[in-house]
Number of protein chains: 2
Amino acid sequence: MQQQKLATIEDVAALAGVSIATVSRAINEPTKVADATRRKVTDAIARTGYTTNAMARSLRMRRSNMILILAPDVGDPNFSNILVGLETEASKRGYGVLIGNTQNDASREADYLRFISSNQADGLILFTGHLPFGFRQDGETRLPPMVAVNEPVPDASVPYVGVDNLEGARVATEHLISQGHRRIAFLGRAPGREVNRLREEGYRRALAGAGIDLDARLVIDGEGTTESGRAAAELMFVRDALPTAFLCVNDATALGVIIALSARHYDLPRQFSIMGFDDISFASFVSPSLTTMKQPRHKIGEAAMEMLLGLLSGEAPSQQKVLFRAELIVRNSVARVR
Amino acid sequence: MQQQKLATIEDVAALAGVSIATVSRAINEPTKVADATRRKVTDAIARTGYTTNAMARSLRMRRSNMILILAPDVGDPNFSNILVGLETEASKRGYGVLIGNTQNDASREADYLRFISSNQADGLILFTGHLPFGFRQDGETRLPPMVAVNEPVPDASVPYVGVDNLEGARVATEHLISQGHRRIAFLGRAPGREVNRLREEGYRRALAGAGIDLDARLVIDGEGTTESGRAAAELMFVRDALPTAFLCVNDATALGVIIALSARHYDLPRQFSIMGFDDISFASFVSPSLTTMKQPRHKIGEAAMEMLLGLLSGEAPSQQKVLFRAELIVRNSVARVR
DNA sequence: ACGATTGATGAAAACCTTTACATCAATGAT
DNA sequence: ATCATTGATGTAAAGGTTTTCATCAATCGT
């Protein structure tokens, strides 16, 4: 159809009056070719509009210089910023990225895995929090180089780059305590999810550190969605065990709490303080704007990609786990307790 | 390093006791091979764990069965749902997708374009609203098959799949009129942006259709961000020309308006009605929840991909422009005028 | 002045497929 | 019984690179 017969390395070689080997070298190892011929070659390249065929190159080199990013949902508010970091670092090192949107669907995961086994990608970044489906079956197949991000995977052999959730939650809780709060609820308990578990642990330690006894009725389950936040807040009213402040496992949950409390016509933050975690984009838009812990997403992306590319070039991972500190962002959803 | 010598078609052939040609046929055109041998081959494939090398295949076939999606920002709330539609249709037809996050950066666009010229992708989906950078220079280079989505590109030769903005804005405006509003503001005028222009035009036609004179002070510029929405609302107070209802060019703008009005302690929607466009995910979360026009994003994605794949197989595009109707979603941000 | 070293280049193999063409046996028609 | 047709399979070429090895000229050290 539209194949207008792209120029190949042979066309360039002919035009420049050299062999294809020389052209290849002029492109990839310019120092190994004499100045005069290099000029002839670059000239011929410009004239022909030659651009090297990535397929042929990958076939020969047995690697694609591509990284596959597996994400359950590219719409996730944490995703896009981390992605930019990943891309930045990858392109700096001559790699491209490829995004697979799995929707947590096993067959989609398996589909995307073929990118690896068919050499279309050399390494893997996992947002999914678990090994992709195809791998879980047979433990014996060698895992490709990969790095987890956003959510660690249970399999300990996969390095992880993320935020220090425990420490972050502790800082958040201490911030609330510093504002005089003693009855602080934790919304979003989910022992099965590593992130939630760690944030809860940070919360507990901060309370313990301040000598505050934990009221078990103030810890509510939730997976971290807005809806779960709303439901959790409602549940507190049903139980009639009210806190003065809500520490939410993430911003989405916090948003749900704000919605629930606004619907009950409370004056925020005067009557209740609310704290989130993540600092997703509209944490600053919602009203009251959300005091939260900010994940350094760009930096996380860069670090993860750097680690993966290191793995690819044979380096042993310096550490299995790289954690960045979350930063306290003070906005308007937390007030001093009355 | 981790290259443990993947099985090739030759290994399979040897194991099955046939030629590599037969293996290839058994995989790609199963009917052309006898049942007995086909069984032997599939068996051998299973035993070797063979998976066909996409690079070699693409090199030989001169196409990759990959589609490149160029998006300025994967975090855009409209993006992810359209993406799912694109992916669904692509994978149904044996294609994979590859996402390029351009950040509206010319050099990134050019980078990603090499995917096309180096045969790593066969076609292009554009979210960017313009031809990618490399193309704009030299008009003579043949454009690859591509389809625009979300935002049309000025170049008329690029087919477009999207929502009927004019009609949708008209319906939205008529909804406000049906609630008794006569002083309706339009926030987000930007004649240079096709989407904004069309929505404004729909607004104007609805007013004209209802015999309402347009008060020019009620039309405010804005590119469509939350911040622009907030600023536009503030500007109305400065001008002291207040409407009873705000038609916002999109939900992000509407959110800005809600923030501005809430900050001024107005009771919404009793004192002002607000309408958005797009139905992005948190339109239902914000308070008051947003009455808006819903884009059928999944359907748009599917249709766009279908059209692109049609182009790739040589079909002429049935139409240069495919528009879906937006659906009115009534929530709580619009009230009858008092 | 001569052999050894260096530097630049070319020939050809290898990477793994798909597919046009050839081959061969079996079937069908006369 | 013979010839044409069909169906299944194999052989080999082609797709565009990179890279090893060989070649050759020029430089260097003595």
Side-chain angles (χ1 to χ4, degrees), chain A residues 3-42 44-45 48-66 94 114-120 122, chain B residues 3-42 44-45 48-66 94 114-120 122:
Chain A
Q3 304 287 35
Q4 56 175 342
K5 194 74 173 181
L6 261 21
T8 80
I9 201 173
E10 229 159 327
D11 302 328
V12 176
L15 191 58
V18 299
S19 76
I20 62 168
T22 301
V23 175
S24 175
R25 277 188 291 252
I27 295 172
N28 302 308
E29 314 158 289
T31 62
K32 294 204 174 177
V33 58
D35 284 8
T37 41
R38 176 152 27 95
R39 265 193 300 276
K40 281 192 294 184
V41 171
T42 38
I45 289 180
T48 53
Y50 169 75
T51 146
T52 126
N53 181 315
M55 296 309 170
R57 162 178 251 251
S58 302
L59 173 58
R60 172 60 222 237
M61 309 261 288
R62 301 161 111 179
R63 68 203 163 89
S64 56
N65 279 23
M66 282 281 144
R114 274 186 308 184
F115 277 79
I116 297 284
S117 57
S118 71
N119 281 326
Q120 281 181 93
D122 304 333
Chain B
Q3 301 288 36
Q4 58 173 339
K5 193 76 172 183
L6 259 23
T8 80
I9 201 174
E10 224 156 334
D11 303 327
V12 176
L15 190 59
V18 298
S19 77
I20 62 168
T22 301
V23 174
S24 176
R25 277 187 292 255
I27 296 171
N28 302 306
E29 313 158 292
T31 62
K32 292 203 175 177
V33 57
D35 285 7
T37 42
R38 175 149 30 92
R39 265 193 300 277
K40 280 192 294 184
V41 170
T42 39
I45 289 181
T48 55
Y50 169 75
T51 148
T52 126
N53 181 315
M55 296 308 169
R57 163 178 249 252
S58 301
L59 174 58
R60 173 61 222 237
M61 310 262 283
R62 299 162 112 176
R63 68 203 163 87
S64 55
N65 278 22
M66 281 282 141
R114 274 184 307 183
F115 277 80
I116 297 284
S117 58
S118 71
N119 280 326
Q120 282 183 90
D122 304 333

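Reminder, nothing fancy here: chain letters follow the sequence lines and each chain counts from 1.
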Does the B:Arg38 side chain pair with the main chain of B:Pro30, one donor and one acceptor, at a distance under 3.5 Å? yes
Taken to the nearest whole Å, CE/A:Met61 to P/C:dC16 is 14 Å
A:Glu10 atom CD is separated from D:dG16 atom P, nearest whole Å, by 8 Å
B:Asp35 has an atom CG; how far is it from atom P of D:dA8, in whole Å? 9 Å
Considering just the side-chain nitrogens and oxygens of B:Arg62, establish if one lies under 4.0 Å of OP1 or OP2 belonging to D:dG15. no
For atom CZ of B:Arg57 and atom C1' of C:dT18, their distance in whole Å: 9 Å
Distance-only, no hydrogens or angles: does the B:Asn28 side chain make a donor-acceptor pair with backbone N or O of B:Arg25 under 3.5 Å? no
d(CZ, A:Arg39; C1', C:dA8) in whole Å: 15 Å
Both B:Ala56 and B:Thr31 contact DNA chain D. Which one's nearest nucleotide lies toward the 5' end? B:Thr31
Which heavy atom in B:Ser117 sits nearest to a heavy atom in A:Leu6, and how many Å separate them? O-CD2, 3.6 Å
Donor-acceptor contact present, side-chain A:Ser24 to main-chain A:Ile20, <3.5 Å: no
Please report, rounded to the nearest Å, how far the C1' atom of C:dT17 is from the CE atom of B:Met55. 13 Å
Looking for any heavy atom pair under 4.0 Å, which part of the strands does B:Thr37 touch: base, sugar-phosphate only, or nothing? sugar-phosphate
Any donor-acceptor pair under 3.5 Å between the side chain of A:Arg60 and the base of D:dT17? no
For B:Ser118, what residues pass the side chain to side chain donor-acceptor pair (under 3.5 Å) criterion, not counting sequence neighbours? B:Gln120
Taking for each residue the nucleotide of DNA chain D with the nearest heavy atom, is it B:Arg38 or A:Ile9 whose nucleotide lies nearer the 5' end? B:Arg38
May I ask you to verify if any side-chain N or O of A:Ser24 is less than 4.0 angstrom from the OP1 or OP2 atom of D:dT18? yes
Check nucleotides 10-12 of chain D against the protein and report each pair of N or O atoms closer than 3.5 Å, with its distance, or say if there are none.
from   : atom 1 : to      : atom 2 : distance (Å)
D:dG10 : OP2    : B:Ser19 : N      : 2.7
D:dG10 : OP2    : B:Ser19 : OG     : 3.0
D:dG10 : OP2    : B:Thr22 : OG1    : 2.6
D:dG10 : N7     : B:Arg25 : NH2    : 2.9
D:dG10 : O6     : B:Arg25 : NH1    : 3.2

Could you tell me if the side chain of B:Asp122 sits less than 4.5 Å from the side chain of B:Ser64, heavy atoms only? yes
Using side-chain contact (heavy atoms from CB on, under 4.5 Å), reason through B:Thr48 and B:Leu15 one step at a time and then give a plain yes or no. CA-CA 9 Å; B:Thr48 55; B:Leu15 190 59; 3.8 Å; yes
In whole angstrom, give the distance that lies between atom CG of B:Asn119 and atom P of C:dT17. 18 Å
Rounded to 10°, tell me the angle between the two end axes of the helix from C:dA1-D:dT30 to C:dT30-D:dA1, each built from five pairs. 40°
Considering all heavy atoms, the nearest A:Thr37-A:Val33 contact: OG1-CG2, 3.2 Å
For the side chain of A:Asn28, counting heavy atoms from C-beta on, which of D:dT9, D:dT18, C:dC15 is nearest? D:dT18
Atom CD1 in B:Ile27, atom CZ in B:Arg57: separation rounded to 0.5 Å? 8.5 Å
Non-hydrogen atoms of A:Ile9 and A:Tyr50 that approach each other most closely: N-CE1, 3.3 Å
Taken to the nearest whole Å, CZ/B:Arg114 to P/D:dG16 is 19 Å
Over all strands shown, is B:Thr52 touching base, sugar-phosphate only, or nothing at heavy-atom distances under 4.0 angstrom? sugar-phosphate
